Number of protein chains: 2
Amino acid sequence: MNDSLSPALAALADPTRRAILDRLRAGEASAGTLAAPFDISQPAISRHLKVMTGAGLVTHRRDGTRRMFRLAPHRLAEIDAWLDAYRAVLEANYQRLDALLAKDD
Amino acid sequence: MNDSLSPALAALADPTRRAILDRLRAGEASAGTLAAPFDISQPAISRHLKVMTGAGLVTHRRDGTRRMFRLAPHRLAEIDAWLDAYRAVLEANYQRLDALLAKDD
DNA sequence: ATCATTCATAACAATTCATTTATATAACGA
DNA sequence: TCGTTATATAAATGAATTGTTATGAATGAT
């Protein structure tokens with residue numbers, strides 16, 4: 001099995017990493033910028049970025065002493081494609097979810 | 001943070017558990033039926049099912065000595081909703097993904 | 001050359017995870 | 001009540017994960 005989903009989903013299972021990814025929707029950012037909002041050490045963030053890179057969720061390029069990270073949408077698209085198989089089952093539940101989110105329950 | 005995504009994504013990060021979920025798309029199935037295709041011990045599957053239950057991906061009911069499991073689409077819908085935020089970024093990449101899948105690369 | 005900045009890597013401890021074997025529990029049928 | 005079937009739980013183990021502090025490496029500026 002050519003399993004690129006497992007590492008990607010494992011990477012996304014961490015709230016810090018999801019927050020980093022969220023930030024990257026706004027565009028490229030340096031490791032330092034990405035680390036700033038968090039209360040954990042710089043090496044910890046560096047590791048998170050390495051995990052995300054390994055999972056194919058982000059890419060990076062050098063810019064002087066900084067390392068600029070960028071969202072790599074491919075893996076998210078794969079997850080989306082994986083969800084397609086469940087789309088039929090999900091469709092019956094969208095209303096319920098919408099209602100729940102609306103009620104902020 | 002009311003984080004139901006983390007456990008769900010962590011649960012889905014395991015190929016065995018994704019395969020179990022896949023099987024459940026066809027409908028309700030007993031723990032034994034779900035365990036059959038795999039080469040790992042019964043307790044291991046039982047634990048996988050417990051993890052999936054804890055993550056809210058499945059529910060179960062008793063049927064005599066058997067325990068019948070069923071897909072619980074709510075969490076998958078939440079993941080789908082989470083992906084919505086990335087949908088704009090993804091859209092630019094669907095063609096590329098489709099091409100890749102078509103080439104069976 | 002030296003120094004400051006930005007980031008990665010090493011080494012370590014604590015925790016969590018996936019699995020196994022062995023055993024317990026729950027429900028049914030004779 | 002006893003045995004069988006189906007499944008869960010316990011205990012143990014090794015591997016992976018997440019965080020820390022300390023240190024190294026790459027780049028640019030003086």
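Predicted, not measured: the structure shown is a model, and the values here were computed from it. Quick note on labels: first sequence line is chain A, next is B, and so on, each numbered from 1.
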Trainee: Which nucleotide wins on minimum distance to the side chain of B:His48, given the candidates C:dT19, D:dT20, C:dT20?
Mentor: C:dT19
Trainee: May I ask you to decide if A:Ala13's main-chain N or O and B:Ser6's side chain share a donor-acceptor pair within less than 3.5 Å?
Mentor: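 Such a contact is found between B:Ser6 side chain and A:Ala13 backbone.
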Trainee: Please report, rounded to the nearest Å, how far the C1' atom of C:dT16 is from the CG atom of B:Asp14.
Mentor: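 Spelled out: CG on B:Asp14 to C1' on C:dT16 is 14 Å.
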Trainee: Ignoring hydrogens and geometry, is there a side-chain-to-backbone donor-acceptor pair from B:Arg66 to B:Met68 under 3.5 Å?
Mentor: no
Trainee: In whole Å, what is the span from the CD1 atom of A:Ile40 to the P atom of D:dT20?
Mentor: 6 Å
Trainee: To the nearest Å, give me how far apart CG (A:Leu34) and P (C:dC7) are.
Mentor: 9 Å
Trainee: When you measure from the side chain of B:Tyr86 to the backbone N and O of A:Ala77, does any donor-acceptor pair fall under 3.5 Å?
Mentor: no
Trainee: Does a sphere of radius 6.0 Å around CZ in A:Arg70 hold more than 12 heavy atoms from other residues, nucleotides or ligands, not counting ones at 6.0 Å or beyond?
Mentor: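 At most 12 heavy atoms, drawn from other residues, nucleotides or ligands, come within 6.0 Å of this atom.
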Trainee: Are the charged groups of A:Arg75 and A:Asp80 less than 4.0 angstrom apart, N to O?
Mentor: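 The answer is no: the pair does not qualify as a salt bridge.
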Trainee: Each nucleotide in nucleotides 2-17 of chain D should get exactly one letter: B, S or -. Can you fill that in based on protein heavy atoms under 4.0 Å?
Mentor: ----SBBB--------
Trainee: Within a 6.0 Å radius of atom CZ on B:Arg47, are there more than 12 heavy atoms belonging to other residues, nucleotides or ligands?
Mentor: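 Counting other residues, nucleotides and ligands, CZ of B:Arg47 stays at 12 neighbours or fewer.
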